[in-house]
Amino acid sequence: MDENTLRSEANSAFGFYGTWREFAPIAFTNLLLIIVTLGIYRFWAKARERQYLWSRTRFIDERLEWTGTGLELLIGALLVVALFVIPYVVATQIGQAMILRGDSVAGAILFIAPLLAIFYLMGVARFRAIRYRLGRTNWRGIRGGSDERGFRYGLSSMWKTIAGYLPFGLAIPWSMVSLWNERWNAMSFGPMPFRSTSSPGPLMKRFLLFYLAPFLAVAAAAAALLAMGLGIGLDGDFEPKQAPIGFFMAIFAAVFLFYFVLGFVWLAYFAKFFRTVVGGMTLGELEFEFDAKTWDWIKLGLGDVALLVVTLGLGFVFLGYRHWKFFVSHMQAFGEINVDALTQSTTRRDRHGEGLLDAFDMGAI
Amino acid sequence: MTGAEVAAFWYDGQTARRHAGVVQWRGGDDLILRGADGGDMAVAIDDLTYVERGVLDGAYSRRADDGFRLVFTGAVPEELAARLPGGQKFGKWIDRLGLPKAAALFAGISAVLLAIVLTAPTWLGPRVPQSWERRIGDAMIGDLGNRLCHTPESDAAMAKLVQQLDPGRPITRVGIANLDMVNAVALPGGQVLVFDGLIQEAENPDELAGVIGHEIGHVRERHVMQAMLRQFGLSVLLGGLNSDIGTGVFGIAAMSYSREAEREADIYSREQLARSDISPAGTADFFEYLKDESGETPDWASWIASHPMPEEREDAFRDAVKKNHAYKPALTGAEFAAIRDACTNDKDVEEFDFF
């Protein structure tokens with residue numbers, strides 16, 4: 001191994017050493033400026049936040065650097081308004097007017113076409129956001145990107161999502177994994193392409209658990225009601241107008257459990273999904289791994305909720321920090337990387353940020 | 001001659017190899033980067049930008065290539081430090097002013113903009129020509145096709161009622177919507193719709209007159225135009241917030257405006273009833289009915305409701321009834337019956353559904 005080959009060992013490839021005390025002045029000045037500018041500053045706020053988070057993230061022996069700017073994100077958002085929001089509003093207004101005039105067919109088309117466009121653009125947005133973020137992430141002066149622009153991926157995203165739901169939703173894991181592979185196989189860092197080759201097989205057990213959970217929950221609830229009914233029947237003094245508090249508690253608990261259990265089961269599936277798809281990725285000689293278990297995701301979610309509740313919502317300025325820290329601390333990489341072979345990316349970069357993704361309020365990965 | 005040699009490392013933006021060596025400066029406009037591995041590189045000082053790597057740790061990049069990174073590891077002499085660019089903290093404009101001043105300035109501008117958007121509709125709305133509003137309204141909703149109930153008798157009765165409430169100014173169009181809901185609305189373009197459900201609940205024509213008078217009041221006071229302008233202004237202005245803060249502010253502003261508008265429309269309705277010698281008692285009965293329907297609501301609810309409380313409105317109409325005065329009925333029994341039966345007797349009326 002020559003001196004310009006870096007070796008990545010377990011638990012050492014990625015490190016995050018930010019602290020919330022350091023981040024607080026950034027978060028609170030961002031919040032202040034967002035409020036006094038009626039939200040326009042949030043593009044610069046996002047750039048400042050990422051600059052900090054990236055600079056506190058180490059890969060092997062060097063920090064990451066965020067080179068994106070607030071202006072880029074603003075331009076991205078303005079493009080979305082001009083190319084998408086305004087046409088959308090106009091189309092739906094005209095559609096509404098036509099339906100009111102009784103021209104239902106043309107009106108319905110003007111209503112449905114923008115919805116299809118949203119569906120398509122959501123796929124494009126997810127692709128372009130990863131491309132944008134890789135293109136603005138420097139490590140040792142080298143950045144990533146993609147030669148594709150995401151328009152074809154948008155079509156794939158449409159048909160695979162539909163195909164995933166068609167067999168009663170049973171192919172959803174297939175569509176999620178296949179789209180993940182398609183996204184990442186189009187991405188590169190420096191001259192090296194990402195390779196993503198996961199298959200949905202390992203996910204099916206947990207997905208079926210999620211799939212069957214509602215039926216199991218309904219069965220359990222029915223059994224509980226039956227048991228209560230029997231109990232009441234034995235006592236023989238159930239008055240619907242003065243139902244015992246325990247009765248309402250039982251119903252409340254059932255509804256609560258239904259949603260929370262379902263949420264947790266989904267997280268169990270999602271944790272496995274994320275471990276699987278990240279584990280199926282390589283970059284040159286590097287292999288990746290993500291080691292967050294279901295319980296880690298649950299803790300992240302509950303922590304978010306607690307933070308928001310305790311701070312009456314203002315804690316949202318720390319959510320980005322929490323999520324990035326979670327992501328980096330669970331990320332692993334193994335293998336070797338030759339820094340002389342890691343030359344600058346030749347992918348094209350657009351001068352605008354992830355406007356679409358912002359508009360649809362989605363995460364990138 | 002000034003000059004310096006400072007220890008440093010850099011990435012050239014071409015490969016990921018880290019170059020260590022010295023930066024040579026002879027007092028001119030260029031820096032020479034001399035690597036221990038032999039690679040030399042010249043960089044113009046004007047081409048450099050400052051980037052923050054950590055809290056106490058800066059680096060320089062190049063305008064021409066954001067992959068380039070130069071980090072000084074030795075002490076930089078003051079003369080050279082004075083030539084090197086400084087960094088941006090919050091953004092160019094804010095850094096120039098300083099955060100407190102910039103924040104105050106932005107807050108001031110935002111407050112002025114909000115004030116304009118919130119007050120402009122009140123004075124701008126009435127200045128938009130009626131014909132424009134009519135055209136906008138027609139573009140938005142058209143003539144509603146066959147979904148309004150018409151019979152020759154009901155049209156005549158309705159025309160008589162409108163003539164009493166809005167004499168000589170046939171700008172408003174009042175139609176009976178074939179929809180079984182107790183409601184009435186004023187739409188853009190001076191179009192007033194009374195839902196058939198409300199007509200069936202009305203016990204006498206006076207009641208109907210009060211409600212239609214209220215909706216005509218909205219048209220007369222240009223409330224619909226104002227509401228459209230306000231909604232448009234706020235959605236443009238607060239679009240940037242893209243969050244619950246925006247919708248919350250928007251909702252509260254729209255609501256408080258709406259309660260005020262409802263009161264104005266009620267006042268217009270009472271004035272017109274008084275002028276045409278129609279009793280406001282019927283309208284008071286209608287609000288009493290609404291109150292009973294919605295049940296007792298606590299006082300605090302009025303802060304978040306779009307309309308004033310029915311109780312308050314009932315009292316206002318009740319107080320307007322002149323004691324020992326013989327009012328004349330708004331319509332004859334036959335005319336009122338024609339309006340009530342309009343939807344049953346109009347054979348080709350369509351259901352008022354939106355699809």
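Each chain gets a letter, A, B and so on, in the order the sequences are listed, and its residues count up from 1. Side chains are part of it too, since the values below use all heavy atoms of this structure and drop only hydrogens, waters and symmetry mates.
When all heavy atoms of B/Gly67 and A/Asn138 are compared, the closest pair comes out as CA-ND2, 3.5 Å. Pairing each heavy atom of A/Leu32 with each of B/Ala103, the nearest pair is CD2-CB, 3.9 Å. When every heavy atom of A/Asp340 is checked against every heavy atom of B/Arg17, the shortest pair comes out as OD2-NH2, 2.5 Å.
When side chains are defined from C-beta on, B/Val51 counts as touching A/Glu65, because their heavy atoms get closer than 4.5 Å.
Note: A/Arg63 CZ to B/Arg69 CZ = 11.5 Å, rounded to the nearest 0.5 Å. With values rounded to the nearest 0.5 angstrom, A/Gln344 atom CD is found 9.0 Å from B/Asp12 atom CG. In this structure, the separation between CZ on B/Arg18 and CZ on A/Arg140 is 6.5 Å, given to the nearest 0.5 Å. Here A/Arg143 contributes atom CZ and B/Asp66 contributes atom CG; the two are 7.5 Å apart, rounded to the nearest 0.5 Å.
A side chain to side chain contact (heavy atoms under 4.5 Å, CB included) with B/Phe106 is found for exactly one of A/Val36, A/Ile40, A/Leu38, namely A/Val36.
Of the listed residues A/Tyr41, A/Trp54, A/Trp44, the one with more heavy-atom pairs under 4.5 angstrom with chain B than any other is A/Tyr41.
Within the 4.5 angstrom heavy-atom criterion, only side-chain atoms of B/Ile94, from C-beta onward, approach chain A.
Heavy atoms of other residues, nucleotides or ligands lying less than 6.0 angstrom from CG of B/Asp180 number 12 at most. Within a 6.0 Å radius of CD in A/Glu285, other residues, nucleotides and ligands contribute 12 heavy atoms or fewer. Other residues, nucleotides and ligands contribute more than 12 heavy atoms inside 6.0 Å of the CZ atom of A/Phe16.
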inquiry  = With side-chain contact (heavy atoms from CB on, under 4.5 Å) as the criterion, how do A/Thr37 and B/Ile109 come out once you've worked through the C-alpha distance, each side chain's angles and the decisive distance to 0.1 Å?
reply    = CA-CA 8 Å; A/Thr37 59; B/Ile109 295 173; over 6 Å; no
key: side-chain contact (heavy atoms from CB on, under 4.5 Å) assessment of A/Leu342 paired with B/Thr15   = CA-CA 6 Å; A/Leu342 187 59; B/Thr15 74; over 6 Å; no
